[in-house]
Amino acid sequence: MKLLVTGKTGQLGHDICKELEARGHEVIGMGSADMDITDADAVRKVLYANRPEIVIHCAAYTAVDNAEDEVETCRRVNVDGTENIARICRELDAVMLYLSTDYVFSGTDERPWKPEDEAEPLGVYGLTKYEGELAVKKYLKKYFIVRVSWIYGINGKNFVKTMLRLGEERGAVSVVNDQIGSPTYTRDLAVLLADMAESKKYGTYHASNEGVCSWYEFACQIFREAGMDYVTVTPVDSASFPAKAKRPSNSRMDKGKLTANGFSLLPTWQDALHRFMKEL
């Protein structure tokens, strides 16, 4: 199978390319230098030249706080860029797999969010990712929309690496304990996305490693795994870290649709973190 992956230099793009290549697929990885997704003509030229059967769209504007000021830049990438790809996928009769986010939800409910729940983003980033979902649905019938949360991987910056750095530098960190969700290891997620790409079970899904924790609990586990018990971790509420963009307090997602369609659930977040630390 021939697949084109955007965002090849990002955490997830890097791992999905490796997973697909390991399965023997022909993979065309695209970074921003290879294809400017905000340029409709450039997208058309690249996709027509390569004619992939599936496009896995990992590229995105993800600077959540900066998005509140850089609204147009964020929208060009997350909405216009996604629409440019979806439009050409329709012309080529290609499947599109679009990575979305838990930020499309308000986070105010106490239950896990279901794929069919109404989106209510709190900020520009979440709103533009949701508008990207709408663009995919507007142009395509053969698509996957996969909402993910709290991702980390070997390639790029993430919460795990930040905690390890701050722990070494300061010996103490303060971490919010009133936002809960599921950390997701990109290597595990890549396996699921490859399984999806090899299927025809289209639709909107939620995906993350199993289990739920707060950022504080996640940080404590990171230092335990790293053998850095000397680091003091203090739980604080979100008000202690004022940010431009409001975060969902509850990012738990219902993943029942995965098992209903024959996909395997990801391992627990604790197991995933253990393996990531060994890789790191």
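Keep in mind the model is a prediction, meaning the values are calculated, not measured.
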- Message: One pair to check against side chain to side chain contact (heavy atoms under 4.5 Å, CB included): Arg187 and Phe276. What are the steps and the verdict?
- Response: CA-CA 9 Å; Arg187 180 167 281 193; Phe276 173 70; over 6 Å; no
- Message: Tell me every residue that passes side-chain contact (heavy atoms from CB on, under 4.5 Å) with Ser106, counting only those two or more places apart in sequence or in another chain.
- Response: Thr108, Trp113, Glu120, Leu122
- Does NZ in Lys2 sit with more than 12 non-hydrogen atoms of other residues, nucleotides or ligands closer than 6.0 Å? yes
- Query: Got more than 12 heavy atoms from elsewhere within 6.0 Å of NZ, Lys246?
  - Reply: no
- Does atom NZ of Lys45 have more than 12 heavy-atom neighbours from other groups under 6.0 Å away? no
- Item | Criterion ring-ring contact (aromatic ring centres under 6.0 Å, His included) on Tyr98 and Phe144, from CA distance to verdict | CA-CA 6 Å; Tyr98 171 68; Phe144 296 92; over 10 Å; no
- Item | Side-chain (Asp178) to main-chain (Ser238) donor-acceptor, under 3.5 angstrom | yes
- Can you tell me how far the CG atom of Asn78 sits from the CD1 atom of Ile37, to the nearest 0.5 Å? 7.5 Å
- Stepwise, does the side chain to side chain contact (heavy atoms under 4.5 Å, CB included) test hold for Phe159 with Ile222? CA-CA 10 Å; Phe159 181 78; Ile222 290 166; 3.8 Å; yes
- Heavy-atom side-chain proximity of Val173 to Phe223 below 4.5 angstrom: yes
- Note on the structure: Nearest heavy-atom approach of Met277 to Ala226 is CE-CB, 3.5 Å
- Task: Treating Ile, Leu, Val, Met, Phe, Trp and Tyr as nodes and any side-chain heavy-atom pair under 4.5 angstrom as an edge, say whether Ile88 and Val55 lie in one connected cluster.
- Result: yes
- Item | Flag side-chain contact, heavy atom, 4.5 Å: Glu131 against Thr82 | no
- Item | Any donor-acceptor N/O pair, Thr184 side chain to Ser149 backbone, under 3.5 Å | yes
- Query: Salt bridge between Glu83 and Arg87, side-chain N to carboxylate O under 4.0 Å?
  - Reply: yes
- Item | Value rounded to 0.5 Å, distance of CZ in Arg224 from CD in Gln270 | 9.0 Å
- Item | Exercise: do Glu133 and Ser100 side chains pair donor with acceptor under 3.5 Å | yes
- Item | Sidechain-backbone polar pair: Asn155 side chain, Thr9 backbone, donor-acceptor under 3.5 Å | yes
- Message: Please list all pairs meeting salt bridge (charged side-chain N to carboxylate O under 4.0 Å, His left out) that have one or both residues in residues 201-216, counting only residues at least two apart or in different chains.
- Response: Glu210-Lys255
- After noting the C-alpha distance and the side-chain angles of Arg23 and Glu19, does the key distance pass the side chain to side chain contact (heavy atoms under 4.5 Å, CB included) rule? CA-CA 6 Å; Arg23 296 188 185 202; Glu19 177 64 27; 2.8 Å; yes
- Could you give the distance from OH (Tyr205) to CG (Leu258), rounded to the nearest 0.5 Å? 7.5 Å
- Task: Report yes if the side chains of Asp195 and Ser264 come closer than 4.5 Å at any heavy-atom pair, otherwise no.
- Result: no
- Does Lys278 reach the side chain of His274, with side-chain heavy atoms less than 4.5 Å apart? yes
- Give a yes or no answer on whether the side chain of Lys129 reaches the backbone of Leu99 with a donor-acceptor pair at less than 3.5 Å. yes
- Message: With a 4.5 Å cut-off on side-chain heavy atoms, are Val175 and Met163 touching?
- Response: yes
- Please name the pair of heavy atoms, one in Met253 and one in Ala207, separated by the smallest distance, quoted to 0.1 Å. CE-O, 4.0 Å
- Message: Check this for me: does any side-chain nitrogen of one of Arg275 and Glu279 sit under 4.0 Å from a carboxylate oxygen of the other?
- Response: no
- Query: If you round to the nearest 0.5 Å, how far is OH of Tyr143 from CZ of Arg90?
  - Reply: 14.0 Å
- Task: Work out which heavy atom in Asn158 is nearest to a heavy atom in Ile151; give both atom names and the distance.
- Result: CB-O, 4.2 Å
- Non-hydrogen atoms of Glu217 and Trp269 that approach each other most closely: O-CH2, 4.2 Å
- Message: Would you compute the distance between atom OH of Tyr152 and atom CG of Leu273 and round it to the nearest 0.5 angstrom?
- Response: 5.0 Å
- Message: Could you check whether any side-chain N or O of Asp254 sits under 3.5 Å from a backbone N or O of Lys114, counting only pairs where one atom can act as donor and the other as acceptor?
- Response: no
- Query: Are Leu47 and Tyr139 in one and the same hydrophobic cluster, where Ile, Leu, Val, Met, Phe, Trp and Tyr link if side-chain heavy atoms are under 4.5 Å apart?
  - Reply: yes
- Non-hydrogen side-chain atoms of Pro183 and Asn209 separated by less than 4.5 Å: no
- Lys257 side chain to Thr204 backbone, donor-acceptor under 3.5 Å: yes
- Distance in Å, Cys89 SG paired with Met96 CE, rounded so as to fall on 0.5 Å steps: 5.5 Å
- Message: Can a donor-acceptor pair be found, under 3.5 Å and without considering hydrogens, that links the side chain of Arg247 to the backbone of Ala245?
- Response: yes
- State, with a plain yes or no, whether a side-chain heavy atom of Ile28 is found less than 4.5 Å away from one of Val46. no
- Do Tyr61 and Leu127 belong together in a cluster built from hydrophobic side chains that touch within less than 4.5 Å? no
- Arg147 side chain vs Pro115 backbone, donor-acceptor pair below 3.5 Å: yes
- Check the pair Leu97, Leu3 against side chain to side chain contact (heavy atoms under 4.5 Å, CB included), reporting the backbone distance first and the verdict last. CA-CA 10 Å; Leu97 194 160; Leu3 304 96; over 6 Å; no
- Task: Would you name the heavy atoms of Tyr125 and Ala67 that are closest together and state the gap between them?
- Result: N-CB, 4.1 Å
- Message: Please determine whether residues Leu12 and Leu192 belong to a single hydrophobic cluster, defined as Ile, Leu, Val, Met, Phe, Trp and Tyr linked transitively by side-chain heavy-atom distances below 4.5 Å.
- Response: yes
- For Thr38, does its backbone N or O pair with a side-chain atom of Asp80 as donor and acceptor, under 3.5 Å? no
- Query: How about Cys213 and Phe218: do any of their side-chain heavy atoms sit closer than 4.5 Å?
  - Reply: yes
- Linking I/L/V/M/F/W/Y whenever any side-chain heavy atoms sit under 4.5 Å apart, do Ile154 and Leu193 land together? no
- Heavy-atom nearest pair, Trp150 first then Ile180, reads CZ2-C, 3.6 Å
- Item | Side-chain (Asn50) to main-chain (Pro52) donor-acceptor, under 3.5 angstrom | no
- Query: Checking salt bridge (Lys or Arg N to Asp or Glu O under 4.0 Å) for the pair Glu72/Arg76: CA distance, chi angles, key distance, verdict?
  - Reply: CA-CA 6 Å; Glu72 287 312 309; Arg76 274 202 306 276; 5.4 Å; no
